Asker: 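For reference, the structure I am asking about is given below.
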Amino acid sequence: MSDVETMARGTMGAAVADPFWGKLTWDIFPFYDPLLLVTFIGTCVVAATVVGLISYFRLWGYLWNEWFTSIDHKKIGIMYMVLGIVMLLRGFSDALLMRSHQALASAGFVGYLPPYHYDQIFTAHGVIMIFFVAMPLITGFMNYIMPLQIGARDVAFPFLNNFSFWLTVSGAILIMLSLFVGEFAATGWLAYPPLSGLSFSPGVGMDYYLWALNIAGIGTTLSGINLIVTLVKMRAPGMSWMKMPIFCWTTLCTNVLIVATFPVLTATLALLTADRYLGTNFFTADMGGNPMMYVNLIWIWGHPEVYILTLPIFGIFSEVVPTFSKKRLFGYTSMVYATCVIMILSYLVWLHHFFTMGAGADVNSFFGITTMIISIPTGAKLFNWLFTMYKGRIRFEVPMLWVIGFMLTFVIGGMTGVLLAVPPADYVLHNSLFLVAHFHNVIIGGVVFGIFAGINYWWPKAFGFKLDDRWGRISFWSWFLGFYFAFMPLYVLGLMGVTRRLSQFEDTIYAGYFFTAMIGSLLIALGIAAFIIQIAVSIRNREALKDTTGDPWGGRTLEWSTSSPPPYYNFAFTPRVYALDAWDHMKRHGFKPRSDGYAPIHMPHNTATGVVLSALATVMGFALVWHIWWLATGSFLACLAYGIAHTFNYNRDYHIPVHEVQEIEAQRHRELAALESPEAAGAQP
């Protein structure tokens, strides 16, 4: 693409808007860019194939009735996970493009991405991976597992749960649209002013960024409120605070952080939106504004966000390690306090992300010290997991491999984080690839490894069969080795002074490091492919991998007391909890599920309101991006009217009849009887 085309791309949407169609013109479509055009055609082919297959097998009704409109926390959790995996494919493809381009550019070639296109790709990569991969996957786990672990039949506000999910999908759709309809932001994933202001980013890319994150952020906040209320009000009888599983504690602290910090993000983006749309000057360098205020506000959200991602992962490891070590978790009380301390301290370290702002030695010292202090409770958790494994009968199943890979990798990220907490060292390294390596060390070595540990651990609970062991190990080793090949060279490059955000390099001495990093990204791609193959092979061999016990790993918490997958009402009888690790306690005391005395179970109806409201929000966001004011106004009013009409729907719940509960539970009794005595299985009622 020529310099003229690049400039035209950068000012897209800056022209005078049409009164009816706003900034929409035929010029916005990427017909001139071969890479985008081929991607667009490929995406259309894949989408058409998926739609065709769903139509051919007549699955639209099933998907709409059983999934899209479902208020079942388990199905919503699975849909969050599916969204996260789909967006992982998009976000990682951006990473491959960046790594391969940098490898070529460092060897003296021009590379195949024009600078402006490269900037859009690395911005999209960061936004997608944090907001639309890590967040949906984490929220999916919390949605699916937490209500089961506390003995609840659903979350506190089932409709709000559905609505929160579809708002997240709405934001993801806007991000995906920006790939082909217009452009995306070229500002970096945190969109610092003045670069994100109207003067330096006159096109629609920043507007896609703002509206996608505003809509998705509202969904995340509502989800956080919902999960907090569920944990506070819906725990099973006898489950006091200090009898909750650690995953529930990390879920609670995570959602407290979400409710406290995401409104800050929403307000910050609203002020930046006002700067762009209304001509205000909150974050400009003149007219009383201050760009550094934006940096403070975005990191007051941003650093707790790191722990919003990692705390649930710590909870996952705290479930996996005791199960595969055949021991109780070492230091339960200290783990609870460490989780709460991390939650509080995460608010006191935000300024370490910009020590170079000139705040002074006293401010930098305070935030450097608090950053070092927060490593203490994190280190305590690692020692608790190690002591749990000590003298345990460890089974090196796939989930446990991910835990051990995490321990080895996350420690490196933690140590480099403490190094960056020293202001003089941060002055040298803050804008280098060393920081990129550290951040990915924490997110991949911590969050991603934990997500795959959790998927392999809880998959049989969700679907009734285990994941294939061989392909799971291939995926683990590909990710593990790929991470080290991809990011250890970036540590070295950062120490050599190579700055981040660069698409071209004059000195070819860096080529070997960048090509090694590219090989690492290809190994990670192999790990993702192996994971997809693992799922496909497992589905094909699901009869051989089937679990009829409901407890294939010998779990310790209440989710393993139900069938696999659990019935839609979760528990026929609300369990009563007498000790920590409630299911392990029940097994040791000879628990047998009851086979009589059932009562009707109160459950909420499915609803289409969440889908409809989120679809209208997507239309409104798209119209606001392109300044189609009549469509934005109409969709907003329609959203408001539909939401008000929903409040008059009083037919929101029903009772599952006793005979239906009895039939479902009888099947469960037959499966358990078959395990104990195959001859007696046929005699069960």
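Note that this is a predicted model, so its numbers are computed, not measured.
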Asker: Output, in order, the C-alpha distance, side-chain angles, deciding distance and verdict of ring pair (Phe, Tyr, Trp, His ring centres under 6.0 Å) for Trp458 and Phe247.
Answerer: CA-CA 13 Å; Trp458 279 303; Phe247 182 78; 5.6 Å; yes
Asker: For Tyr144 and Lys75, what are the C-alpha separation, side-chain angles and deciding distance, and is it a side chain to side chain contact (heavy atoms under 4.5 Å, CB included)?
Answerer: CA-CA 8 Å; Tyr144 196 103; Lys75 290 184 176 179; over 6 Å; no
Asker: Does a donor on one side chain sit under 3.5 Å from an acceptor on the other, for Asp468 and Ser538?
Answerer: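 On atom types as modelled, these side chains do not qualify, holding no pair under 3.5 Å.
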Asker: Would you call Asp72-Lys74 a salt bridge at under 4.0 Å N-O?
Answerer: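 A salt bridge links Asp72 with Lys74.
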Asker: Checking Thr323 against Tyr457: is there a side-chain donor and acceptor pair closer than 3.5 Å?
Answerer: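 Present: a donor and an acceptor within the cut-off.
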Asker: Would you tell me whether Asn456 and Gln534 have side-chain atoms, one donor and one acceptor, within less than 3.5 Å of each other?
Answerer: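 The criterion, which ignores hydrogens and geometry beyond distance, is satisfied for Gln534 and Asn456.
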Asker: Verify the neighbour count for atom CZ of Arg594: are there more than 12 heavy atoms of other residues, nucleotides or ligands below 6.0 Å?
Answerer: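 Counting neighbours around CZ of Arg594, more than 12 heavy atoms of other residues, nucleotides or ligands fall under 6.0 Å, so yes.
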Asker: Counting only heavy atoms not in Tyr390, do more than 12 sit closer than 6.0 Å to its OH atom?
Answerer: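 Result for OH/Tyr390: open.
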Asker: Looking only at non-hydrogen atoms, find the nearest pair between Met234 and Val155 and report the distance.
Answerer: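 Heavy-atom minimum between the residues: SD-C, 3.7 Å.
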Asker: Can you confirm whether or not the ring centre of Trp385 sits under 6.0 Å from the ring centre of Phe314?
Answerer: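 Yes; Phe314 has its ring centre under 6.0 Å from that of Trp385.
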Asker: Answer yes or no: is there a side-chain heavy-atom contact under 4.5 Å between Pro566 and Leu148?
Answerer: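 They are in contact (side-chain heavy atoms under 4.5 Å apart), so the answer is yes.
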Asker: Side chains of Thr310 and Val447: closer than 4.5 Å at any heavy-atom pair?
Answerer: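 In contact.
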Asker: Roughly how far apart are Asn441 CG and His438 NE2, rounded to 0.5 Å?
Answerer: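 Rounded to the nearest 0.5 Å, the CG-NE2 separation comes to 8.0 Å.
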Asker: Tell me whether Trp477 at atom CH2 has more than 12 heavy atoms from other residues, nucleotides or ligands lying less than 6.0 Å away.
Answerer: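 Open.
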Asker: First locate atom CG of Leu137, then atom CG of Leu88, and finally report the distance between them rounded to the nearest 0.5 Å.
Answerer: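 The CG atom of Leu137 sits 7.5 Å away from the CG atom of Leu88.
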Asker: Side chains of Asp653 and His602: do they bring a donor and an acceptor to under 3.5 Å?
Answerer: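 Side chains of Asp653 and His602: pair found under 3.5 Å.
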Asker: Looking only at heavy atoms, what is the nearest atom pair of Thr69 and Asn162, with distance?
Answerer: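 Shortest heavy-atom separation between Thr69 and Asn162 comes out as C-ND2, 3.8 Å.
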Asker: So Asn65 and Asn606, do their side chains get closer than 4.5 Å, heavy atoms only?
Answerer: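 Asn606 vs Asn65: side chains apart.
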Asker: Taking it one step at a time, do Trp67 and Tyr62 satisfy side chain to side chain contact (heavy atoms under 4.5 Å, CB included)?
Answerer: CA-CA 8 Å; Trp67 290 89; Tyr62 167 75; 3.1 Å; yes
Asker: Near Phe571 CZ, under 6.0 Å, is it more than 12 heavy atoms from other residues, nucleotides or ligands?
Answerer: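 It does: Phe571 CZ has more than 12 such atoms within range.
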Asker: Begin with the C-alpha distance, continue with both residues' side-chain angles, and end with the deciding distance and a verdict on side chain to side chain contact (heavy atoms under 4.5 Å, CB included) for Leu401 and Phe480.
Answerer: CA-CA 10 Å; Leu401 291 180; Phe480 184 74; over 6 Å; no
Asker: Is there a side-chain contact between Thr250 and Ile316, using heavy atoms and a 4.5 Å cut-off?
Answerer: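 Contact flag for Thr250/Ile316 side chains = no.
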Asker: Can you tell me how far OG1 of Thr607 sits from CD1 of Ile71, rounded to the nearest 0.5 angstrom?
Answerer: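 One gets 9.0 Å once the value is rounded to the nearest 0.5 Å.
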Asker: Dump the intermediate steps for side chain to side chain contact (heavy atoms under 4.5 Å, CB included) on Ile313 and Ile138, then the final yes or no.
Answerer: CA-CA 8 Å; Ile313 296 304; Ile138 293 298; 3.5 Å; yes
Asker: Within the 3.5 Å criterion, strictly below it, is a donor on Asn226 or Ser164 matched to an acceptor on the partner's side chain?
Answerer: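 Judged by distance alone, the side chains do not pair up.
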Asker: Phe449 vs Phe483 aromatic rings, parallel, tilted or perpendicular, using cut-offs 30° and 60°?
Answerer: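 It falls in the perpendicular class, over 60°.
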Asker: Is it the case that Asp551 and Thr549 place a side-chain donor and acceptor less than 3.5 Å from each other?
Answerer: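 Side chains of Asp551 and Thr549: no pair found under 3.5 Å.
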Asker: If only side-chain N and O atoms count, and only distance matters, is there a donor-acceptor pair under 3.5 Å linking Asp584 with Trp560?
Answerer: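 Asp584 and Trp560 do not have a side-chain donor-acceptor pair below 3.5 Å.
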Asker: Which atoms form the tightest heavy-atom contact between Ser564 and Lys461, and what is the distance?
Answerer: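 Heavy atoms only, the tightest pair is OG-NZ, 3.3 Å.
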Asker: I'd like to know whether the aromatic ring centres of Phe452 and Trp479 sit less than 6.0 Å apart in this structure.
Answerer: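 Yes, ring centres under 6.0 Å apart.
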Asker: So, taking the atom named CE in Met586 and the one named CZ in Phe591, what distance separates them when rounded to the nearest 0.5 Å?
Answerer: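 Here the interatomic distance stands at 4.0 Å.
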Asker: Of Ile78, Thr230, Asn570, Ile145, which meets side chain to side chain contact (heavy atoms under 4.5 Å, CB included) against His73?
Answerer: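 It is Asn570; the other options fail the test.
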Asker: Trp241 versus Arg235: any side-chain heavy-atom pair under 4.5 Å?
Answerer: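 Yes; the side chains approach each other to less than 4.5 Å.
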Asker: Between Tyr80 and Phe165 (side chain of the first, backbone of the second, donor and acceptor by atom type, cut-off under 3.5 Å), is there such a pair?
Answerer: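 Yes, because the side chain of Tyr80 sits within donor-acceptor range (under 3.5 Å) of the backbone of Phe165.
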Asker: Can you confirm whether the side chains of Tyr332 and Trp249 place a donor and an acceptor under 3.5 Å from each other?
Answerer: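 Side-chain D/A pair, Tyr332 to Trp249: present.
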Asker: Counting N and O atoms only, with roles assigned by atom type, does the side chain of Ser475 sit under 3.5 Å from a partner on the main chain of Gly527, one being a donor and the other an acceptor?
Answerer: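 Such a contact is found between Ser475 side chain and Gly527 backbone.
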Asker: Within 45° of the axis and under 6.0 Å from the centre of the six-membered ring of Trp583, does NZ or CZ of Arg588 qualify?
Answerer: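 Cation-pi check for Arg588 and Trp583: fails.
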Asker: With a 6.0 Å cut-off on the ring centroids, do Phe324 and Phe396 count as close?
Answerer: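 No, too far apart.
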Asker: Would you indicate whether the side-chain heavy atoms of Arg668 and Leu672 approach each other to under 4.5 Å?
Answerer: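 Heavy-atom side-chain distance check passes, below 4.5 Å.
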Asker: Can you see whether Trp553 has Lys466 sitting over its ring - NZ or CZ less than 6.0 Å from the centre and within 45° of the normal?
Answerer: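 So Lys466 does make the cation-pi contact.
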Asker: Give me the atom names and distance for the closest heavy-atom approach of Ser563 to Pro567.
Answerer: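 Nearest heavy atoms, Ser563 then Pro567: OG-CD, 3.4 Å.
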Asker: Does the side chain of Met389 reach to within under 4.5 Å of the side chain of Val321, using non-hydrogen atoms?
Answerer: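 In short, these two side chains touch, coming nearer than 4.5 Å.
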Asker: I need the single residue from Lys587, Arg556, Lys243 that forms a salt bridge (Lys or Arg N to Asp or Glu O under 4.0 Å) with Asp581. Which is it?
Answerer: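 So, applying the salt bridge (Lys or Arg N to Asp or Glu O under 4.0 Å) to Asp581 and each of Lys587, Arg556, Lys243, only Arg556 qualifies.
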Asker: Just say parallel, tilted or perpendicular for the rings of Trp459 and Phe465, cut-offs at 30° and 60°.
Answerer: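 Rings of Trp459 and Phe465: perpendicular, over 60°.
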Asker: Would you kindly say whether Tyr484 and Thr409 are connected by a side-chain donor-acceptor distance under 3.5 Å?
Answerer: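 A pair is found: one side chain offers a donor N or O, the other an acceptor, under 3.5 Å apart.
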Asker: Working to the nearest 0.5 angstrom, can you tell me the gap between Met146 CE and Thr557 OG1?
Answerer: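 Interatomic distance, Met146 CE to Thr557 OG1, rounded to 0.5 Å: 13.5 Å.
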Asker: To the closest 0.5 Å, what do you measure between CD1 (Ile85) and CD1 (Ile532)?
Answerer: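 Going from the CD1 atom of Ile85 to the CD1 atom of Ile532 covers 6.0 Å.
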Asker: Hey, are the side chains of Cys248 and Pro245 touching, using non-hydrogen atoms and a 4.5 Å cut-off?
Answerer: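 When only atoms from C-beta onward are counted, Pro245 and Cys248 do touch, with a gap below 4.5 Å.
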Asker: Can the ring centroids of Phe68 and Trp166 be said to lie less than 6.0 angstrom from one another?
Answerer: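 Yes - the distance between ring centres of Phe68 and Trp166 falls below the 6.0 Å cut-off.
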Asker: Does any donor atom in the side chain of Thr339 or Lys381 lie under 3.5 Å from an acceptor atom in the other side chain?
Answerer: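 Yes, side-chain donor-acceptor contact under 3.5 Å.
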Asker: Any chance CZ of Phe383 has more than 12 other-residue heavy atoms, nucleotides or ligands included, within less than 6.0 Å?
Answerer: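 At most 12 heavy atoms, drawn from other residues, nucleotides or ligands, come within 6.0 Å of this atom.
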Asker: Only one of Leu231, Leu311, Leu257, Leu227 forms a side chain to side chain contact (heavy atoms under 4.5 Å, CB included) with Leu252, so which one is it?
Answerer: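 Only match with Leu252 under side chain to side chain contact (heavy atoms under 4.5 Å, CB included): Leu231.
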Asker: Does the cation-pi check pass for Arg542 over Phe463, that is, NZ or CZ under 6.0 Å from the six-membered ring centre and within 45° of its axis?
Answerer: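 Output no; distance or angle outside limits.
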Asker: Taking all heavy atoms of Val577 and all of Ala236, pick out the closest pair and write down the distance.
Answerer: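 What the structure gives for the nearest pair is CG2-CB, 4.2 Å.
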Asker: Regarding Asn143 and Asn161, do their side chains bring together a donor and an acceptor under 3.5 Å, going by distance alone?
Answerer: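 The criterion, which ignores hydrogens and geometry beyond distance, is satisfied for Asn161 and Asn143.
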Asker: How close do Gly446 and Phe410 get, heavy atom to heavy atom, and via which atoms?
Answerer: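 Shortest heavy-atom separation between Gly446 and Phe410 comes out as CA-CD1, 3.8 Å.
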